Number of protein chains: 2
Amino acid sequence: MWFDAEQSVTSSDKTFVALRQAIVEGDIPAATKLSEAELAGRFGVSRAVVREAINRLESCNLIERKANVGARVVSLTPAGLIELYQVRESLEGMAARLAATEMSQTEISELQALLGEHYDGVQQRQSYYQEAGDVDFHYRIIVGSKNQHLISLLLNGIYHLVRMYRVQLGMAGPRVTTAFDEHRQIVTAISNRDPELAEILMRRHIQYSRRNIESKLAQS
Amino acid sequence: MWFDAEQSVTSSDKTFVALRQAIVEGDIPAATKLSEAELAGRFGVSRAVVREAINRLESCNLIERKANVGARVVSLTPAGLIELYQVRESLEGMAARLAATEMSQTEISELQALLGEHYDGVQQRQSYYQEAGDVDFHYRIIVGSKNQHLISLLLNGIYHLVRMYRVQLGMAGPRVTTAFDEHRQIVTAISNRDPELAEILMRRHIQYSRRNIESKLAQS
DNA sequence: AAGGCTTAAATTGTCGACATTGTTGGCGAG
DNA sequence: CTCGCCAACAATGTCGACAATTTAAGCCTT
């Protein structure tokens, strides 16, 4: 499912990607202290490449660093989740707004087709497909904004954190049918070239998503 | 004027800050190729610290890197400026919205006091004060949002780029009186605890600012 | 026994050298 | 004369070792 067209060529890249996945998937639990030496041994590389990987992880907001002390994986807190979704609401709302004017007709058609596939998946209750379909939907709108800053901030910065919360809080993929309706409304607004409505609907969609995760968080 | 409470203790930090300033101020022109060896010699440090500084500069979107090729300072383009201001509009709009509910009464009072000082500066046509006052105004609202992601994205990521455009396109500081009115309206909305209005006004304020810079850009 | 100081261990920060990759110039074939 | 291959060069990527700082333990004092 993953949209990394950029192949990681250098050793640092591979270590970075591997570490990021380990953190996001929870193989390295939240709030874990990261020892450069230990990681270097585990990945069979030098400490320099681990350092570079850690630096890049830090700019993804997946780890926190203190000078002369070390790095540790971020802690997942309810407050942090809310803050994350506030930023996401802001950025993805703008992405939807821009997508309404910047996406080509071809891209919009593909988005509508994706919505159709998504609908089939929902009918058959394929939960794995729901998750992938949701990510793909948001991904296309973000890219459709044609704004490099937005794309970079969301795909490199926010989405891995969002996924980390989802995975580690055990979000399977409920809220599918309602989410599908919201998706359809957003696509309609975009194909009508209505930026204001697209932004409003996307922001509400993310607000609902946040509240859904919050309620899950409160249960556990 | 600068608000870096975080003192740079390590050698990488100092190199990073120095390099960032050199790039933002234009001492190192846009689109310049950055040689690790040369910079290491110029700053009197090892290549490793220059590498780390360059990595951090990259996550600020001030330089671009290609594997096995090298790094170069970003190019300033009209399209890039527009994209940057679109993101800024989105994020600072959300910051104003959050500030309207999250800022303490004390912080709001200080913001109003700052507005008064700013007014005096405008009366006396102190252009240096106008620039500093504008930055300080936006800074307080961003911090007032109490959202760590927002604060980090804007202060570490966006603002240095904005400043780079301002400095290198020779923006002295016009648009002061109108901007002052806009600032006052925003403060009023925040002190009235009106999130929606605060966001709308901030977004319009940044849209105006963008158009102003765009017209300057078209002249040259 | 509790607290603070000193010292030792471990971790991070920095350095110089080596390996690998990309680039540039020249040479030769067509 | 142009195109393509090859080699030397320069730049980035990686590594192991040393230096500086933080942390922990141990000892001494009170």
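Fair warning: this is a prediction, and the values are worked out from it, not measured in the lab. Quick note on labels: first sequence line is chain A, next is B, and so on, each numbered from 1.
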Query raised in the report: Can you tell me if A/Thr101 uses its side chain to pair, donor with acceptor, with the backbone of A/Leu98 under 3.5 Å?
Result: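 Side chain of A/Thr101 to backbone of A/Leu98, a donor-acceptor pair under 3.5 Å: yes, one is there.
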Value in whole Å for how far the [atom2] atom of [N] lies from [atom1] of [X]:
X	N	atom1	atom2	value
B/Glu36	C/dT14	CD	P	15 Å
B/Leu39	D/dT12	CG	C1'	13 Å
B/Arg51	C/dG16	CZ	P	16 Å
B/Glu52	D/dG13	CD	C1'	15 Å
B/Lys66	D/dT12	NZ	P	13 Å
A/Arg47	D/dC18	CZ	C1'	11 Å
A/Asn68	C/dT12	CG	P	10 Å
B/Lys14	C/dG13	NZ	C1'	12 Å

**Report entry** Upstream residue (5' side of DNA chain D) when B/Ala48 and A/Val69 are each assigned their closest nucleotide
**Finding:**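 Its nearest nucleotide lies further toward 5', so the answer is B/Ala48.
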Requested in this report: Select from A/Ala67 and A/Ser11 the residue whose nearest nucleotide in DNA chain D is closer to the 5' end of that strand.
Outcome: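 Nearest nucleotide further toward 5': that of A/Ser11.
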Please check the phosphate of [N] (OP1 and OP2 only) for any side-chain N or O of [X] closer than 4.0 Å.
X	N	answer
B/Ser12	C/dT14	yes
B/Thr10	C/dT12	no
A/Lys33	C/dT12	yes
A/Arg65	C/dT11	no

Query - Sugar-phosphate only, base, or nothing, as touched by B/Leu34 at under 4.0 Å among non-hydrogen atoms - result: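 Result for B/Leu34 = sugar-phosphate.
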Query raised in the report: Do you know which of A/Val24, A/Val87, A/Leu84, A/Leu81 makes side chain to side chain contact (heavy atoms under 4.5 Å, CB included) with A/Leu161?
Result: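 Answer after filtering A/Val24, A/Val87, A/Leu84, A/Leu81: A/Leu84.
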Query raised in the report: How are the rings of B/Phe137 and B/His183 set to each other: parallel, tilted or perpendicular (split at 30° and 60°)?
Result: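 Ring orientation of B/Phe137 relative to B/His183: parallel.
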Requested in this report: For B/Ala71 and B/Arg65, work out which heavy atoms get closest and say how close.
Outcome: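 Looking at all heavy atoms of both residues, the shortest contact is CB-CG, 3.5 Å.
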Query raised in the report: Between A/Ile151 and A/Ser145, what is the shortest heavy-atom contact and its length?
Result: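 Closest pair (atom of A/Ile151, atom of A/Ser145, distance): CG1-OG, 4.2 Å.
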